[in-house]
Amino acid sequence: MMSNREKVLLSLFLVFMIIPVYAYAGSLSDDAQMCLGCHSGKDVTKQLENKEVLSLFINGDAFANSVHNATGCGGCHTDISMDNHPQPKKIKSKKDYSASNSNSCSMCHMEDQLKKKQMHGYLISRTKNISCAECHGAHYITSLAKWKTGLTEMQYCLSCHKYDISMTHGSGETMSLQVNEAAMKGSAHGSLSCGACHMDFSKSDHPVRTFKSKKEYTANAIKVCTLCHREEELRKSPAHSTSISKASCTDCHGFHTVKGIKAQKATAQDTQYCLSCHKSKLSMTMKNGESLSVYVDEAEHKKSVHGKLSCTQCHATFSKTAHPARSFSSKRDYSLSSLSEVCKKCHADAFTKYEAGVHYSLMKSGNSKAPSCAECHGGAHSVAKTDTSTGMKSCNKCHSDMNSSYEASVHNKARQAGKANAPVCSSCHNAHDVQMTGMTTQIKDGCLKCHSNAGELHAKWLWNPPIPSSTFAATHFDVVSCAACHATGATRVISLIPHECSTRKPLMQEDLAALLNTDVEGLMGKMDINGDKSLDASEIWDLYVTLWKKDTRSTFLGKMDVSSGAEAHRIGSKSEAIRACEKCHQTGADYFKNVSLVVAGSDGKRAVYEAKSDVLNSIYTILPASKFYALGGTSIKLFDILFVVALIGGIAVPIGHISLRVITSPLRSLRKMGKGGKK
Amino acid sequence: MKLIYLHPLAIRIWHWVNAGGFIILILTGAQIRFGNYMSLFSFETAVNIHSWLGFILLANYFIWVIYYLVTFKIKIYIPPLHHPIEYAKKALNQAKFYGWGIMVGDKNPHHSTPDNKFNPMQQISYLMIMVLLIPAQIVTGLFLWDPNLFGPIVNLIGGVQIASLVHVLLWIFFSAFIIVHFYLATLGHTPMAHIIAMFSGYEEEHEEHGHEHEEHGHEHGGGHGH
């Protein structure tokens, strides 16, 4: 008979020994029970090399219910047995640990088998960095059917899509497939199940799809949006009406994190709100079919000098509540409109100057290469602070042919030598009110900005005795460009520019064509009567007379310049400048050999009509070019002949008279004699 | 024979300065214009001389103006246009003299005196020259000397090319004129008579002039100088 004390001890022993067995439903293997002796404690942890703390706690009940209960612990943890455990084991990170342990899965789950399920196979082969355990867990895996039953659709999907998985399109673009569960739940679509939008997918179906590009994927994906958001409703908004055909819904609204538009407007600043669409590669199509990007790179914009401006400060007609639908005939049309609407608001001075310049004229005429603000300063959203290099870079886009000559000039040499006031393009040509140098001598104002004493210096030697005068040098400045004397080795040309006397402005090509009853293309044909492709003096006279008959009093002002812009930039040193008067002031001077009639077009370009080299030496051009005179260069040939004739006549008079007197001397002698006889 | 004081000192100075100046201006003008064909001077020298002389002759012109205005002798240049027929006849006679009379030994129909120095043809031509052509030459010369300085007036006449046109045409005229003028100066009673008179001021008057009704003529070219 056991004593009461013995009975209690026996009961306790039985309880102690039997309870754990009952606790694990009696199905845990011996080694599992052994392992759980320690791993059932929730405070069993291990610090990994990356300082992560790995819990080593195993819920015995849950494990007992898992499909892997039968394999026991050693079935997977093959490297651990009671003979060698516990022993220090170095583990880098949770991910690393999970990956290495997942290798054991393939002992039972053969890869071929796993790949039978298309998506599973896809994931295994394409996403090497996800271990089995990351999706399926480790110790508590139940049968797939049972697992699915216990999950909502979103939970099921997120079991994989909470991870950083991605798919690669045919174009090579990689698209993340990760879904932020919290953000998704907080979005306007938070209450929807995944399958509400991704209708092909469900807990039981996960087709494998391939797309050429992200764009193709998106185009396919957004079809579902219109199921709830009817397109005709969406188009009522002006912003939608212009962008809906250009952008996908997700470009502007996002997808898993989409917010209600009211909430978006309430929380977003103006700029953020605008960027919600314009951060996407949106574009607008012009009436002529051109496409204009309306994408804004936020980072670039913040770095630009406009970085502190909000969108609406420039785009004043737009706001969170207003997005007018606009249409433009062309990108040029848009640029012109933007210039006057946007840039002008703050840069009125520069804009007024720009309006007076040749670039604006060219742009207005539809020249697609004519620069607006952006072409020189960069796009409005990335505009950089202007300095001397701005012009050097931007002007070169169109005027690169000037480069080599500028580089050879004294100006560039000064720049290379680091002289602060060494001129760049805008120093002479101005930045905004750039004029056509071929039509005027205004460019000299550019020269005079630095060479302000040029007038005095020239007047020191360029005057006629006996009275020193500064106006004689100025006479040259009026008609001779600086480059004509200072550009090394240049070919000099004379431009005859028809001006209207009453307005003192050049006659425009279009006006001239209208006066001659032709169009711009037919102008030369009308002027060049004999059709030899070169105007002779009588043809210039005919033009002058025709204009006169049409009540247009004109005068053809002359100007001497070099033959090309490239030559004009080849400014040499002072010692290389032309100083010999005979270069121009001699009959038949080479510098007067190249003569052209030059007419400005309303597009800012100039038309050059070649003329014969001797037109300025003809009496026909005395009246048309009566205000253009150069001693020697414009000498009238006929007067030279007249001079010789006058000299011959002057000499012939005495010779003739003396001859007559000699011949008639007998008459005088007779008369004398007769008178003498009488006497 | 007696001496008539025909050319006052001021006029003689003016004349010879003018004569020398004209010749050099014509030559430098030719040099400037025909630099390709002649090289009496360099271009710059020709321009410098031309400019200097232009101003000298401008000043010289005022000697003439002031002398004739102050002394009221300007009337010797004024043709008697209030007797146009009589004046025309005299002019015709003078022309006939040079064209024929001088050949056959006719006497010069004009007899120079200080108050009636010029024959009718001289009178009209010298008046034109002194009042119109020389001022025009001076003014257009000034315009070409510094077109900007006289810009507004240059524009008024149509432009600097017009100024040049006038200047060059007058240069051509004066070039021919000065040859004929010199020849006419040799048609005194001796070839040097008028030229010497233009230096001395005194024109020799032959006795025949005092006896105009006598049939003796002489080859007198009429008052040379103006």
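Just so it is clear, the model here is predicted, and its values are computed rather than measured. Only this structure's heavy atoms are used, side chains among them; waters, hydrogens and symmetry mates stay out. A, B, ... follow the sequence lines: proteins, then strands. Residue 1 opens every chain.
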Mind checking the [atom1]-[atom2] spacing from [X] to [Y]? Nearest 0.5 Å is all I need.
{"X": "Arg668(A)", "Y": "Asp106(B)", "atom1": "CZ", "atom2": "CG", "answer": "11.0 Å"}
{"X": "Asp146(B)", "Y": "Asn464(A)", "atom1": "CG", "atom2": "CG", "answer": "7.5 Å"}
{"X": "Ser470(A)", "Y": "Leu149(B)", "atom1": "OG", "atom2": "CG", "answer": "8.5 Å"}
{"X": "Leu647(A)", "Y": "Ile172(B)", "atom1": "CG", "atom2": "CD1", "answer": "9.0 Å"}

Requested in this report: Specify whether Phe643(A) and Phe34(B) have parallel, tilted or perpendicular ring planes, treating 30° as the upper limit for parallel and 60° as the lower limit for perpendicular.
Outcome: tilted
Query raised in the report: Top residue by heavy-atom pair count (under 4.5 Å) with chain B, among Ala630(A), Ser669(A), Gly632(A), Ala646(A)?
Result: Ala646(A)
Query - Donor-acceptor contact below 3.5 Å, side chain His657(A) vs main chain Leu184(B) - result: no
Query raised in the report: Do the side chain of Arg671(A) and the main chain of Val104(B) share a donor and acceptor less than 3.5 angstrom apart?
Result: yes
Report task. Flag the pair Phe639(A) / Leu165(B) as yes when at least one side-chain heavy-atom distance between them is below 4.5 Å, and no otherwise. Result -> yes
Query raised in the report: Could you go step by step and tell me if Trp100(B) and Leu660(A) meet the side chain to side chain contact (heavy atoms under 4.5 Å, CB included) rule?
Result: CA-CA 9 Å; Trp100(B) 177 246; Leu660(A) 285 172; over 6 Å; no
Report all side-chain donor-acceptor pairs from residues 38-46 of chain B shorter than 3.5 Å, counting only partners two or more places apart or in another chain.
residue, atom, partner, partner atom, Å
Ser42(B), OG, Thr45(B), N, 3.1
Ser42(B), OG, Thr45(B), OG1, 2.6

Between [X] and chain B, which part of the residue has a heavy atom less than 4.5 Å away: side chain, backbone, both or neither?
{"X": "Ile467(A)", "answer": "both"}
{"X": "Ala580(A)", "answer": "neither"}
{"X": "Leu631(A)", "answer": "side chain"}
{"X": "Ile658(A)", "answer": "both"}

Give a yes or no on this: more than 12 heavy atoms of other residues, nucleotides or ligands lie within 6.0 Å of atom [atom1] of [X].
{"X": "Tyr620(A)", "atom1": "OH", "value": "no"}
{"X": "Lys90(B)", "atom1": "NZ", "value": "no"}
{"X": "Lys583(A)", "atom1": "NZ", "value": "no"}

Heavy-atom pair with the smallest gap, counting every atom of [X] and [Y]:
{"X": "Phe55(B)", "Y": "Pro466(A)", "value": "CD1-CD, 3.1 Å"}
{"X": "Gly650(A)", "Y": "Val180(B)", "value": "O-CG2, 3.9 Å"}
{"X": "Pro465(A)", "Y": "Ser51(B)", "value": "O-CB, 2.9 Å"}

**Report entry** Residue part contacting chain A, namely of Val168(B), when any heavy atom lies under 4.5 Å
**Finding:** side chain
Query raised in the report: So what's closer than 4.5 Å to chain A heavy atoms on Leu169(B): side chain, backbone, both or neither?
Result: side chain
Requested in this report: Identify which one of Ile622(A), Leu616(A), Thr555(A) satisfies the side chain to side chain contact (heavy atoms under 4.5 Å, CB included) criterion when paired with Gln161(B).
Outcome: Ile622(A)
Query raised in the report: With sequence neighbours excluded, what pairs up with Phe174(B) under the ring-ring contact (aromatic ring centres under 6.0 Å, His included) test?
Result: Phe22(B)
Requested in this report: Would you please test Asp478(A) and Asn148(B) for side chain to side chain contact (heavy atoms under 4.5 Å, CB included) and show each step?
Outcome: CA-CA 9 Å; Asp478(A) 283 350; Asn148(B) 255 28; 3.3 Å; yes
Report task. Decide side chain to side chain contact (heavy atoms under 4.5 Å, CB included) for Asp640(A) and Arg33(B); before the verdict, give the C-alpha distance in whole Å, the side-chain angles of both, and the deciding distance to 0.1 Å. Result -> CA-CA 8 Å; Asp640(A) 295 346; Arg33(B) 200 169 174 92; 2.4 Å; yes
Requested in this report: List the steps, then state whether side chain to side chain contact (heavy atoms under 4.5 Å, CB included) holds for Leu144(B) with Tyr629(A).
Outcome: CA-CA 9 Å; Leu144(B) 298 176; Tyr629(A) 165 80; 3.6 Å; yes
